[in-house]
Protein chains: 2
Amino acid sequence: MAAKTTLKDLAKMLDVSISTVSKALNDSPEISLPTRIKIKELAASCNYVPNNIAQSLKSKSTKTIGVIIPSILIEFFNKVLYGIEAEATKRGYKIIICLSNETFKKEQESIDTFINGSVDGIILSVAEETQKTNQISHFQKSLNYSLPMVMFDRVLDDIDCDKVTVDDLEGAYKATKFLSKTAGQNILFLNTLSGISVGRLREQGYKKAMANLKRTPIVLNLENYKAIEKGLGSVLKEQKIEAILAADEYSALLAMNVARLNGFSIPDDISVIGFTNGLISEYAMPSLTVVSQHAENIGSLAVDRLINRIEKKSTPDAIHDVVKTKIIERNSTKKIKK
Amino acid sequence: MAAKTTLKDLAKMLDVSISTVSKALNDSPEISLPTRIKIKELAASCNYVPNNIAQSLKSKSTKTIGVIIPSILIEFFNKVLYGIEAEATKRGYKIIICLSNETFKKEQESIDTFINGSVDGIILSVAEETQKTNQISHFQKSLNYSLPMVMFDRVLDDIDCDKVTVDDLEGAYKATKFLSKTAGQNILFLNTLSGISVGRLREQGYKKAMANLKRTPIVLNLENYKAIEKGLGSVLKEQKIEAILAADEYSALLAMNVARLNGFSIPDDISVIGFTNGLISEYAMPSLTVVSQHAENIGSLAVDRLINRIEKKSTPDAIHDVVKTKIIERNSTKKIKK
DNA sequence: TTGAAAGCGCTAACAG
DNA sequence: CTGTTAGCGCTTTCAA
């Protein structure tokens, strides 16, 4: 079974025209039932499969969605991807994935590979470098090519497209309030994401809550994980800290470890909350209380928005969905006092 | 900028033929330099991008690889994916990902979406259900369509295609030996993957090492994580266990937790080694000693094999690469005695 | 009810 | 050096 069977082959074998075969296989009422059956049987016995590429060229629709994520090693994105894949499959779309690895260059290249007609629309979360340097020309370009696009989680204000974000500000606000009620008001915010939109929003939410509590915020902007060990360690020695809110999951775990190394116990001396509800939080010891972002919902919502846009079911104006967060209580925080 | 610019458009604007434009843009020496430049300038100013679909139809090559993985929430697969993406990108290929979610049905559907010409080859790891029920017709089918295919990690003996697997047997053997030297010879094997090939191989390796040590193996086949808490807990109460080898990372962490709940300390009373080197092992407390499978290498190797096959650079016979494992020592095991 | 023909956007053999 | 033509596999209008 070397070359694939085509309509032409089938037509020749039955001595009918190509268009008859095409119509028959597509159940066109134009074709009489007997010939329709005959053609279908032959097609089946030849394992005929319509060539998707040719169909796409004709229909100008690929039924595939391009997805660009900054990293495949961050569980949040995988959960979103999971939601994207499930929803896309349900609606008859495939997904093609590119990784930007947080760089502008790869993000731009990915956009370029999508612009050439291989996808019907794009879902993406902006790379860290792009957000920091605020380079937006490549997005502008894909919009110019009238390729529908939806951004999730890490978005750019300057780009006018559908967006799905997390209510990070409110999430941090709620978490801070939660900590103040269960642990005390000496709450530190550990920000490993100050360069990107979500990090800034989380910081704002924290500060808002602290202002509300009439406390001065204590923010630690530490870019890499090694800096946390040093930076956080020395703060813990100097001031009384009763709770830590971390901008991501890994730094929350690290914070727990650093606190313990400094002789504090979790959650009795210090409570810890992290962002993102990943497996790692569940399996940590103690398990980590987190602000969950409903990653899967974000994925499916993004797909919904995009497909509506592709199929022209959306309003002309860009839609910005904001998904609420939820605190998932585990053992790194004290229980709420009744 | 509504409709995309095509060769036809450019040709009309300059009043030349379509093929001249095509050749000029492809830097054909057939076209004189001045016209070549003129055409290129126009193309650039019109933001011309060649239509990939049309090119694919013509060339019968899509420069994309289809990838089917059982789950995107298992870090091992993400690391492999990372390797796949990097290598594929390097070699000018895109990847399109389908998730089988461990089910035969979704795996079969994914194969079907790939068969219709949208990819040049397939890389996959077999779904758990498929391995358990040993259904192989869909793989046979894609092979019949002469779609190159390479299987990684979870493979099927009955399918004749290139394969990249981990030397799981040797990895478990090495780990068991390591434990016997550092912790003692009362070693338990916790198998959560007995239904799939890798789980069986790891068990064999463990048993081989135990036989070598002249000890009776203690194997705990526990399908789900909840069963571990009960099952492992009662064994720890009844017998003297000095070390635990777990078939995956999560059960290793759980084993640590269960051991501690039963009053044992890690690694002083019980040493623990898990399979797979994920972030979760690094961030655990204590950090977990693991058998690393070089996931990224597996990914890039699989891509290499596949592209060679696609581009007909391979020998006719199927190639089976076996990647060696490496023990990464952390704090859940005692140091080797000098 | 069936078929011929055009065309999606591109490439390439062949003519001029 | 440039253009004509055919064709990749499919859909679809229009004619028979």
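Letters A, B, ... are given to chains in the order of the sequence lines, protein chains preceding strands, and every chain is numbered from 1.
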A:K40: partners by salt bridge (charged side-chain N to carboxylate O under 4.0 Å, His left out), with sequence neighbours left out
A:D27

Below 4.0 Å from chain A heavy atoms, what is the first contacting nucleotide of DNA chain C and what is the last?
C:dT1 to C:dG9

What residues, two or more places apart in sequence or in another chain, satisfy side-chain contact (heavy atoms from CB on, under 4.5 Å) together with B:N134?
B:I136, B:L156, B:D158

Give the table of side-chain donor-acceptor pairs shorter than 3.5 Å for residues 296-305 of chain B, with sequence neighbours excluded, one pair per line with atom names and distance.
unit_1, atom_1, unit_2, atom_2, d
B:S300, OG, B:E296, O, 3.3
B:S300, OG, B:N297, O, 3.2
B:D304, OD1, B:R91, NH1, 2.6
B:R305, NE, B:D321, OD2, 2.5
B:R305, NH2, B:D321, OD1, 2.8
B:R305, NH2, B:D321, OD2, 3.3

B:I39 and B:A24: which non-hydrogen atoms are nearest, and at how many Å?
CD1-CB, 3.6 Å

Residues in ring-ring contact (aromatic ring centres under 6.0 Å, His included) with B:H138, at least two apart?
B:F104

For B:K23, all residues meeting salt bridge (charged side-chain N to carboxylate O under 4.0 Å, His left out), sequence neighbours excluded:
B:E30

Under 4.0 Å between a side-chain N or O of B:T35 and OP1 or OP2 of D:dC1?
no

side-chain contact (heavy atoms from CB on, under 4.5 Å) involving B:K94 - partner list, sequence neighbours excluded
A:I96, A:T113, A:S118, B:N52, B:T64

Counterpart residues, side-chain contact (heavy atoms from CB on, under 4.5 Å), relative to B:K312 (two or more places apart):
none

Take nucleotides 10-16 of chain D nucleotide by nucleotide from the 5' end and write B, S or -, depending on whether a protein heavy atom sits under 4.0 Å from the base, only from the sugar-phosphate, or from neither.
BBBB---

Listed by chain and number, what are the salt bridge (charged side-chain N to carboxylate O under 4.0 Å, His left out) partners of B:D112, not counting sequence neighbours?
B:K141

Have a look at the helix from C:dT1-D:dA16 to C:dG16-D:dC1 and give the angle its two end axes make, five pairs each, rounded to 10 degrees.
50°

Restricting to salt bridge (charged side-chain N to carboxylate O under 4.0 Å, His left out), what partner residues turn up for B:E85, sequence neighbours left out?
A:K106

